[in-house]
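One structure is given below, encoded as structure tokens.
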Amino acid sequence: MPRIIALLFAALLPLSAAALQKGDALPELYLTDKGELTLDAKQEIVYVPWSTENLDTQGQVQIIQYMAARPSAEKAIRPFTDKLEETAYPVELHHVTTVVNLDDVTFGASSWALSELEKNKREYPMSTMVADMEGQGLKTWGFEPKGSALIVLDADGKILFVKDGKLKKDEIDAVIKLIGEEVGKRS
């Protein structure tokens, strides 16, 4: 009897997004509440709707960082971003898009997190920074809350690499090498 109850309960749970897999097309994400941070002529932040359809996978290797608006999530992805900066692939051949889940923020810190995102956009104006106010990426891509994830796409927009959670050193080395191989195909 407990097994039947457990099966019925499981059937009633809402279906979450399937985990992303290497070789899959990246499910579309379209954000209208805030969205991409852009700078106007006066260097003021302007928000525009953002979609994964905007990713130029033919011209550049697309690297997507998805993270909760928490210091721990940024800290978890930092070893990868540091290594990517050290590697210094040509900026015209790879592009990093950072999508920050502002629905997954430490209690009372949403204003601070948004201002930090705006500060980072001013510091790195060529990077794409996106505010996900309702956690749509978390739901669409099936990531775990409170953390960070990394996605690398090939020229056809298919997933070459995906990891939900902190990357280990060997994973960082492998994904940096993979990005280098993809950059080589575009040079």
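Not measured: the values here are computed from a predicted model. Reckoned from all heavy atoms, side chains included, excluding hydrogens, waters and symmetry mates.
- L31 and L117 fall into different hydrophobic clusters, defined by Ile, Leu, Val, Met, Phe, Trp and Tyr side-chain heavy atoms under 4.5 Å apart, directly or through other members.
- Residues L37 and L39 share a hydrophobic cluster, clusters being chains of Ile/Leu/Val/Met/Phe/Trp/Tyr side chains in contact below 4.5 Å.
- When all heavy atoms are compared, the tightest approach of S148 to D164 is O-OD1, 3.6 Å.
- Residues K177 and D173 are not paired through a salt bridge, judged by the lack of any N-O separation under 4.0 Å between the basic side chain and the carboxylate.
- Among all heavy-atom pairs drawn from V183 and P90, the shortest one is CG1-CD, 4.0 Å.
- Applying the side chain to side chain donor-acceptor pair (under 3.5 Å) test to R186 and every residue at least two apart in sequence or in another chain returns E182.
- Take T98 and apply the side chain to side chain donor-acceptor pair (under 3.5 Å) test, not counting sequence neighbours, and it matches Q65.
- Applying the salt bridge (charged side-chain N to carboxylate O under 4.0 Å, His left out) test to pairs two or more places apart or on separate chains, those with a residue in residues 113-132 are E116-K119.
- No donor-acceptor distance shorter than 3.5 angstrom exists from the side chain of D82 to the backbone of P79, with no hydrogens or angles considered.
- The hydrophobic clustering, which links ILVMFWY residues whose side-chain heavy atoms are closer than 4.5 Å, places I64 and M129 apart.
- Residues L102 and A113 approach most closely at CD2-CB, 3.6 Å, considering heavy atoms.
- Residues L138 and P145 meet the side-chain proximity criterion, which asks for heavy atoms closer than 4.5 Å.
- Among all heavy-atom pairs drawn from L84 and I179, the shortest one is CD1-CD1, 4.3 Å.
- Within the 4.5 Å cutoff, side-chain heavy atoms of F80 are placed close to those of I176.
- Looking only at side-chain heavy atoms (C-beta outward), I77 and Y66 stay at 4.5 Å or farther from each other.
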Show your working on side chain to side chain contact (heavy atoms under 4.5 Å, CB included) between K83 and I172 and close with a plain yes or no. CA-CA 8 Å; K83 184 75 168 186; I172 292 171; 3.9 Å; yes
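- Looking at L29 and Q136, their side chains come closer than 4.5 Å, going by heavy atoms from C-beta outward.
- Listed by chain and residue number, E171 satisfy the salt bridge (charged side-chain N to carboxylate O under 4.0 Å, His left out) test with K163 (two or more places apart in sequence, or in another chain).
- Criterion: ILVMFWY side-chain heavy atoms under 4.5 Å apart, direct or through other members. Under it, M133 and Y47 are part of a common hydrophobic cluster.
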Distance-only criterion, 3.5 Å: show the donor-acceptor pairs between side-chain atoms of residues 69-76 and protein atoms not counting sequence neighbours.
| unit_1 | atom_1 | unit_2 | atom_2 | d |
| --- | --- | --- | --- | --- |
| R70 | NE | D104 | OD1 | 2.9 |
| R70 | NH2 | D104 | OD1 | 3.1 |
| E74 | OE2 | R78 | NE | 2.9 |
| E74 | OE2 | R78 | NH2 | 2.4 |

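- Hydrophobic clustering (ILVMFWY, side-chain heavy atoms < 4.5 Å, transitive): L55 and V130 are in one cluster.
- Here H95 pairs with T128 under the side chain to side chain donor-acceptor pair (under 3.5 Å) rule; sequence neighbours left out.
- Note on residues 47-58: no pairs pass salt bridge (charged side-chain N to carboxylate O under 4.0 Å, His left out), not counting sequence neighbours.
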Evaluate T97 against Q62 for side chain to side chain contact (heavy atoms under 4.5 Å, CB included), listing each step before the verdict. CA-CA 8 Å; T97 298; Q62 293 295 321; 4.1 Å; yes
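- Residues satisfying the side-chain contact (heavy atoms from CB on, under 4.5 Å) test with P27, not counting sequence neighbours, are L20, T140, W141.
- Identified under the side chain to side chain donor-acceptor pair (under 3.5 Å) test for residues 26-40, with sequence neighbours left out: E28-S51.
- When all heavy atoms of A19 and D24 are compared, the pair lying nearest together is O-OD2, 4.4 Å.
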Name every donor-acceptor pair, under 3.5 Å, that has one atom in a side chain of residues 149-160 and the other anywhere in the protein, sequence neighbours excluded.
| unit_1 | atom_1 | unit_2 | atom_2 | d |
| --- | --- | --- | --- | --- |
| D154 | OD1 | D156 | N | 2.8 |
| D154 | OD1 | G157 | N | 3.0 |
| D154 | OD1 | K158 | N | 2.8 |

